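Every number for a ligand or one of its atoms is a count from 1 in the order of the listing. Fair warning: this is a prediction, and the values are worked out from it, not measured in the lab.
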Amino acid sequence: MPYVVQKGSQLPLKIFLLGFMGSGKSHWGQIWAAKSHLKFYDLDTTIEHSFKMTIADIFEKEGEEKFRELERYYLRKIEKEKNFVLACGGGTPCFSDNMNWMIAHGTTIYLKASPETLLQQVTDETEKRPVIKNINPSELLFFIQGKLQEREPFYSQAAVTLPVEQLHADSLVELLQEID
Ligand code: S3P
């Protein structure tokens, strides 16, 4: 399995899953956490439960800046936890020095997908994703390409990069064994 491991990784205890919307962070995160007996957290869900509003409503009623503040705050609240997989939001690594914070506090794994794959995954779910909600479907691929290019410098700092096309239920188990 192709992956890149950088020095300073602290496997296997604190795993941050990064990647664009639709890359499968929550899907694989739940499966991998269960397989490795780790707790699973989803940063967006944590924010929604704690702030008692959906992400879409937070963006609409409070604005993106407020959402990014909440994202920063609840990300850092996980510091006291151990043995977890956290599925971040697609923008989490790209704001508020969050990427450096995650690198310093655990193992960052980037689920890397092509714009075409991402388009397929998000096409029917734009309503609940405020960043792409108002993009004309005919321009969505172009938008994803641009946003991905903008975010790649953050994602690519991850300790491990996994191509989503090759992911399976044992990807994390295999990765942990390789690194051990
Ligand atoms: C965002 C991605 C979303 C969510 C919010 C902003 C982004 O998470 O955090 O809508 O900026 O890419 P998912 O990647 O889980 O859809």
*Asks:* Do you see a donor-acceptor pair shorter than 3.5 Å between the side chains of Ser138 and Asn136?
*Replies:*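 Ser138 vs Asn136: donor-acceptor pair found between side chains.
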*Asks:* State whether the shortest distance between N or O atoms of Arg151 and N or O atoms of ligand 1 falls below 3.5 angstrom.
*Replies:*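 Yes: some nitrogen or oxygen of Arg151 is under 3.5 Å from one in ligand 1.
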*Asks:* With a cut-off of 6.0 Å (strictly less than), are more than 12 heavy atoms of other residues, nucleotides or ligands near NZ of Lys82?
*Replies:*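 Open.
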*Asks:* Any idea which atoms of ligand 1 are less than 4.0 Å away from a heavy-atom of Lys25?
*Replies:*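 This gives 13 (P), 14 (O), 15 (O) as the contact atoms.
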*Asks:* State, without any angle test, whether Tyr110 and Gln157 hold a side-chain donor-acceptor pair at a distance under 3.5 Å.
*Replies:*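 Absent: no donor and acceptor within the cut-off.
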*Asks:* Using a strict threshold of under 4.0 Å (side-chain N to carboxylate O), is an ion pair present between Arg68 and Glu71?
*Replies:*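 Here Glu71 pairs with Arg68 in a salt bridge, since their nearest N and O are under 4.0 Å apart.
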*Asks:* I need the atoms of ligand 1 closer than 4.0 Å to a non-hydrogen atom of Ile55, numbered in the order shown.
*Replies:*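 Atoms satisfying the 4.0 Å criterion: 5 (C), 10 (O).
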*Asks:* Do Lys39 and Glu81 meet the salt-bridge criterion of a basic N to acidic O distance under 4.0 Å?
*Replies:*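 Salt bridge: yes.
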*Asks:* Between Lys133 and Glu125, is there a salt bridge with N-O shorter than 4.0 Å?
*Replies:*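 Looking at Lys133 together with Glu125, the answer is no, because their closest N to O distance does not fall below 4.0 Å.
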*Asks:* Taking only heavy atoms of Val131 into account, list the atoms of ligand 1 that are under 4.0 Å away from them.
*Replies:*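 The list of qualifying atoms is 6 (C), 7 (C), 11 (O).
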*Asks:* Number the atoms of ligand 1 from 1 as they appear, then name those within less than 4.0 Å of a heavy atom of Pro130, with their elements.
*Replies:*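 Listed by number with element, the hits are 10 (O).
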*Asks:* Is there any N or O on Asp44 that sits under 3.5 Å from an N or O of ligand 1?
*Replies:*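 Yes, at least one N or O pair falls under 3.5 Å.
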*Asks:* What protein heavy atom sits nearest atom 2 (C) of ligand 1, and how far away is it?
*Replies:*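 Result: Gly90 N, 3.4 Å.
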*Asks:* Select the closest option to atom 11 (O) of ligand 1 among Arg129, Arg68, Lys128, judged by heavy-atom distance.
*Replies:*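 Nearest heavy atom to atom 11 (O) of ligand 1 lies in Arg68.
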*Asks:* Any N or O on Cys88 sitting closer than 3.5 Å to an N or O of ligand 1?
*Replies:*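 No: no nitrogen or oxygen of Cys88 is under 3.5 Å from one in ligand 1.
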*Asks:* Taking Lys66 first and then Glu69, would you say they form a salt bridge - that is, a charged N and a carboxylate O separated by under 4.0 Å?
*Replies:*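 Judged by the 4.0 Å cut-off on N to carboxylate O distance, Lys66 and Glu69 do form a salt bridge.
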